[in-house]
Amino acid sequence: MKNTVKKSVESFKRGLCWAWGHKLRVAVMGLALALIAPRPVRSQILDPCCAILSAGLSTIASTLSSVIGDGLNSILSVDQTIQNFEQTVVWPQQLISQAQALVGNLQGIFTQIQNVTTIPVNSATLPTPQQLEQNLLSGDSSQINQTGANYTAVYGPVPDATAASQDVRNRIDMTDAAAQAAMKRAIEIDALADLEIQAANQINQSIQNAAPGSAPIVEAQADAWLVRANAYTQAATADLMRVRAVDLADAGADVKTGATNTANLGQQLINLLKRQ
């Protein structure tokens, strides 16, 4: 019996020595056993933690539904009211459709106007006048530099000093200058009119496809082009006034020349009578 106890004690000591010498392995094995050891399973019905968690989630859901949900519903109701007001009063779909249909009809009228403006109106029959007329009706600003030569070919140059007096030459030169300036301006205005028609077509197409919110932008573009068109019209009116002013000045110069010639003729008659 004593021998058995003694052997057991010696075996226990040897185990302790081995465990102390391999303490890292023993620690790893102990951790592994602790992880894989079975644990008692708690019922979801009887576990107090699950009951507390369920009650908390129910309270949160009730708060979201009653407090935040009511606020969101109020915001949604206001937004729907604003949207209905915009669709029925500010931008009613029926009126928008009518306006787009009107724009489509106007586009057809614009096309007819453009076709009318392209009808040939040239009427000269001789080669030299035909060249000047073609230049004046071209609507091409790059041909403005050719106007002077074509004008001279039809109406002739300013007489030299041996063919007319300086007064007559000045009047002829001024009249020719005003006439050529008006012709050149007419070519420019025709070119500008073509650009305005193109811009009007683009604005009209934009209006047909424009969303209600972009209507003020399209309207501002149309207003800007309207201002430009008025400026071009004023420029054309100024040219007409210059031509009319030169015409009046030329008529006044004729009267002045006639008065001067009459006075000279009367003086010559007086001198002739004195000699007799």
Side-chain angles (χ1 to χ4, degrees), residues 106-205 225-262 264-265:
L106 291 178
Q107 181 63 38
I109 296 175
F110 290 158
T111 303
Q112 294 178 4
I113 293 174
Q114 190 172 3
N115 293 334
V116 170
T117 58
T118 57
I119 296 177
V121 295
N122 50 321
S123 304
T125 57
L126 299 179
T128 303
Q130 283 180 348
Q131 189 172 2
L132 176 60
E133 185 182 34
Q134 183 179 1
N135 174 255
L136 296 180
L137 300 177
S138 64
D140 185 4
S141 58
S142 63
Q143 297 188 20
I144 291 178
N145 294 331
Q146 304 175 10
T147 305
N150 294 332
Y151 179 89
T152 302
V154 174
Y155 296 101
V158 178
D160 55 21
T162 60
S165 64
Q166 186 62 37
D167 292 338
V168 173
R169 296 178 67 243
N170 290 337
R171 291 166 54 189
I172 292 174
D173 188 41
M174 188 61 205
T175 304
D176 289 345
Q180 292 185 41
M183 292 177 179
K184 294 176 181 179
R185 181 68 72 179
I187 297 174
E188 291 179 354
I189 293 175
D190 286 341
L192 293 173
D194 292 338
L195 293 176
E196 288 177 0
I197 291 175
Q198 295 177 9
N201 290 334
Q202 293 178 0
I203 293 174
N204 194 58
Q205 293 175 0
W225 273 104
L226 180 61
V227 172
R228 292 190 181 94
N230 291 334
Y232 302 149
T233 303
Q234 292 175 359
T237 304
D239 274 331
L240 292 176
M241 293 178 64
R242 280 191 289 269
V243 172
R244 180 56 179 166
V246 171
D247 186 39
L248 292 174
D250 190 61
D254 287 337
V255 175
K256 295 173 185 178
T257 301
T260 302
N261 292 335
T262 301
N264 293 334
L265 179 60

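Numbers here simply count residues along the sequence, with the first being 1. Note: hydrogens, waters and symmetry copies are ignored here, and every other heavy atom, side chains too, is used.
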We want to know whether [X] and [Y] form a side-chain donor-acceptor pair, criterion being a heavy-atom distance below 3.5 angstrom.
X      : Y      : answer
Tyr151 : Asp176 : yes
Asp194 : Gln198 : no
Asp160 : Thr162 : yes

### Message
If the test is side-chain contact (heavy atoms from CB on, under 4.5 Å), which one of Ile144, Asn145, Ile189 qualifies with Lys184?
### Response
Ile144
How many angstroms lie between atom [atom1] of [X] and atom [atom2] of [Y], to the nearest 0.5 angstrom?
X      : Y      : atom1 : atom2 : answer
Ile187 : Met183 : CD1   : CE    : 9.0 Å
Gln146 : Asp140 : CD    : CG    : 8.5 Å
Gln131 : Leu126 : CD    : CG    : 12.5 Å
Ser141 : Leu192 : OG    : CG    : 8.5 Å

Over all heavy atoms of both residues, which pair between [X] and [Y] is shortest? Give the atoms and the distance, please.
X      : Y      : value
Asn135 : Gln143 : ND2-O, 2.8 Å
Val121 : Leu137 : CG2-CD1, 4.0 Å
Leu132 : Asn150 : CD1-CB, 3.6 Å

### Message
A side-chain contact here means heavy atoms from C-beta on lying under 4.5 Å apart; do Pro159 and Ile172 qualify?
### Response
yes
### Task
Could you tell me whether the side chain of Arg169 and the main chain of Ala164 form a donor-acceptor pair under 3.5 Å?
no
### Query
Taking Asn170 for the side chain and Gln166 for the main chain, is one N or O donor matched with an acceptor at less than 3.5 Å?
yes
